[in-house]
Amino acid sequence: MDLSAINPVVLIASLMVAATPILLAGMGELVVEKSGVLNLGVEGMMIVGAVSGFAVAATTGNPYLGMLASIAAGAALAAIFALLTQVLMANQVASGLALTLFGLGFSALVGQSYVGIVPPRTEKLTFGPLTDLPVLGRILFNQDILVYASIALVAAVWYWLRATRSGRVLRAVGENHDSAHALGYKVRRVRVLAILFGGACAGLGGGYLSLIRVPQWTEGMTAGAGWIALALVVFASWRPWRLLGGAYLFGGIMVLQFNLQAAGLRIPVEYLAMSPYLITILVLVVMSSNRARSSLSAPGSLGRSFHAAG
Amino acid sequence: MLRLEKRPSPSQAWNYATPVLAVALTMVAGGLLFLALGKNPFEAIRLIFWDPLFSEQFGAYSRPQLLIKAGPLILIAVGLSIGFRAGIWNIGAEGQYIIGAMCAAAVALAFYPTESFLVFPLMIAAGAFGGWAWAMIPAILKTRFNTNEILVSLLLVYVAEKLLAAAATGFMRNPQGAGFPGSRNINAYGSASNMELIANTGLHWGGVAAFIAVIFAYVLLQRHILGFHVRLAGQAPRAAKFAGVAPARLVVMCLGLSGAFAGMAGMFEVSGPARLISIDFNAGYGFTAIIVAFLGRLHPVGILLAGFLLALTYIGGELAQFMLGIPGAAIQVFQGMLLFFLLALDILSNYRVRLALPAQKGEAR
């Protein structure tokens, strides 16, 4: 095997690309969970976002319209989840699973006629002389717009949850919905909005996969990215900046794993391809083993449905 | 204004009515879906739900298929339902199914070509053990490290799929297979073959196991203290703790049981209808079984009926694909919608929907 074939600069630049889908989806789920709702349908919303974005981009020739379609599709699927869990008081775990099962089938159905098509290219941004800088230029100043947008999203969510009134209301609703209700906050409305936001983020993450990362449509192409995003939220202890770090760590593992395959490591491809999932499990174990700490950082009302009595 | 009023205990009548209503609504929504695909909805629904059973043209082929497809679905769903009742979510049955099949195939391949009546029971044990062991990973991580069993069991499905691919192309590949992926044909190896027990019924040992599992689960839930603990933990976790139910033991028991059942389902499949270990051996039974468990209201007898219905959608779906060119994925959408409607209608058994005028200002309630 030839390790010199792996260029560290290209590796870092591409790990940011690899991390962006799970970062976007994870950020959405973080907000949802902060509001006290557990939406296990991330995988389903991602793949529906992936296929919708791809279809619109391939039809119109404009990748940015495709991204908007991804957002809309993810939010639309999330609206079903909101209807089930917030209005019809259905079990959140089961509803999330339903979303994933439905999304996988729906995307396969819609995507049939788009297999094997190349989507319109999304140009990377350039910043004049900055892009020509030796190492940093390639890593920091030559990415596509969504890489920057995803980092901006982390900053925005962090600031919003921490320093704005509406962000604090959301956290209050997630920590203790009965108290929040008693204070006059609209628990259900806050949660529905959070769920829609989470769906939009997951949809965009899926769109990023099919439009930029891969870029192609294949059935079941998210391959567990939604579940990894869910695990990432636990890994990050529900903190935005840690989520960014975690996403880039996973991006690094995925990219490295591909590079090792390409470099001809003498391990069958299947075992290398297992590594992201195994490492996700390992990380989950480490993060949740400290009972006191993990129960402190999880939102208090996570996964419990709210029904105002009387 | 509609107002929801929580029922003190779930309505029994709605408990039976909602699955039926959900199926009916799914047929309507599915019809609209087929209409959107440019197909005749009535013909499509008839092809899926009626023709596999009663058509003279297709019935002879389709009827045995019903038991072949329903067997694994019921066997897996019965195992899952016990955990679901206790609030323990094993959603990685697909992975346990794959590992069970691989362990059973390993036993068969190790003994090949020895003919002995011991091989088949040994394979069943290996299949159950494989599924059990794979399910023990989330169980132990849950009890020892408090790790979320939903995420771990699901992530292990992807790991199992990669292992399956490695087995089919590597360590289990047929040495006489001219380099093609896939193991030896286990179904053709007499001692390991899971044959049809009664000609043209589709009943093989997997179907028998499914029926036994239904009876076993019924007795466990209704007559045994463990079943009582499972139900108690699901309905009133605090009360369960006071009653001395050890949560860790319950997690190990529920995950282990569902894993063993899923593993056995994999064993019967690889030695029967699937015939060998191949890359695309798993067909999503582990996920569809989740829908079966919910449609059957987590009750063994309900699951038996639900298993046949979902099996029918598989067979009818193939028929509709063949006759009308309806894409196979449409059936997956159909199954997903069924779960949506089921969950949505659950509100009718848990809440009373009241027509209420908006309360007047200042009026004390």
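Letters A, B, ... mirror the listed sequences (proteins, then strands); counts begin at 1. Only this structure's heavy atoms are used, side chains among them; waters, hydrogens and symmetry mates stay out. Just so you know, these numbers come straight off a predicted model, no measurement behind them.
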Toward chain A, the part of [X] with a non-hydrogen atom under 4.5 Å:
X         : result
Leu154(B) : side chain
Leu33(B)  : side chain
Leu163(B) : both
Ile150(B) : side chain
Phe84(B)  : neither
Thr169(B) : side chain
Phe171(B) : side chain

Quick one: pull up [atom1] in [X] and [atom2] in [Y] and give me the separation to the nearest 0.5 Å.
X         : Y         : atom1 : atom2 : value
Asp346(B) : Leu88(A)  : CG    : CG    : 10.0 Å
Phe294(B) : Leu97(A)  : CZ    : CG    : 7.0 Å
Leu40(A)  : Asn148(B) : CG    : CG    : 7.5 Å
Leu109(A) : Ile326(B) : CG    : CD1   : 10.0 Å
Met274(A) : Leu156(B) : CE    : CG    : 10.5 Å
Gln335(B) : Phe102(A) : CD    : CZ    : 12.5 Å

So which of [options] has the biggest tally of heavy-atom pairs under 4.5 Å with chain B?
options                                  : result
Gly105(A), Pro276(A), Ser107(A)          : Gly105(A)
Ala98(A), Gly111(A), Gly103(A), Ala90(A) : Ala98(A)
Ile228(A), Leu99(A), Leu104(A)           : Leu99(A)

Of the backbone (N, CA, C, O) and the side chain (C-beta and beyond), which part of [X] lies under 4.5 Å from a heavy atom of chain B, both, or neither?
X         : value
Val285(A) : both
Leu284(A) : both
Val87(A)  : backbone
Ile80(A)  : side chain

Residues Ala166(B) and Tyr271(A): closest non-hydrogen pair is CB-OH, 3.7 Å
Heavy atoms of Leu151(B) and Ala231(A) approach each other most closely as CD1-CA, 3.9 Å
Note to self: Check this for me: Arg189(A), atom CZ, are more than 12 non-hydrogen atoms of other residues, nucleotides or ligands nearer than 6.0 Å?
What the structure shows: no
Is it true that atom CZ of Phe106(A) has more than 12 heavy atoms of other residues, nucleotides or ligands lying nearer than 6.0 Å? no
### Query
Counting distance only, does the side-chain N/O of Tyr158(B) pair as donor-acceptor with the main-chain N or O of Gly224(A) below 3.5 Å?
yes
Ranking Val152(B), Leu155(B), Leu37(B), Asn350(B) by heavy-atom pairs under 4.5 Å to chain A gives rank one to Leu155(B)
Looking only at Ile137(B), Leu342(B), Leu348(B), Leu343(B), most heavy-atom pairs under 4.5 Å shared with chain A are made by Leu343(B)
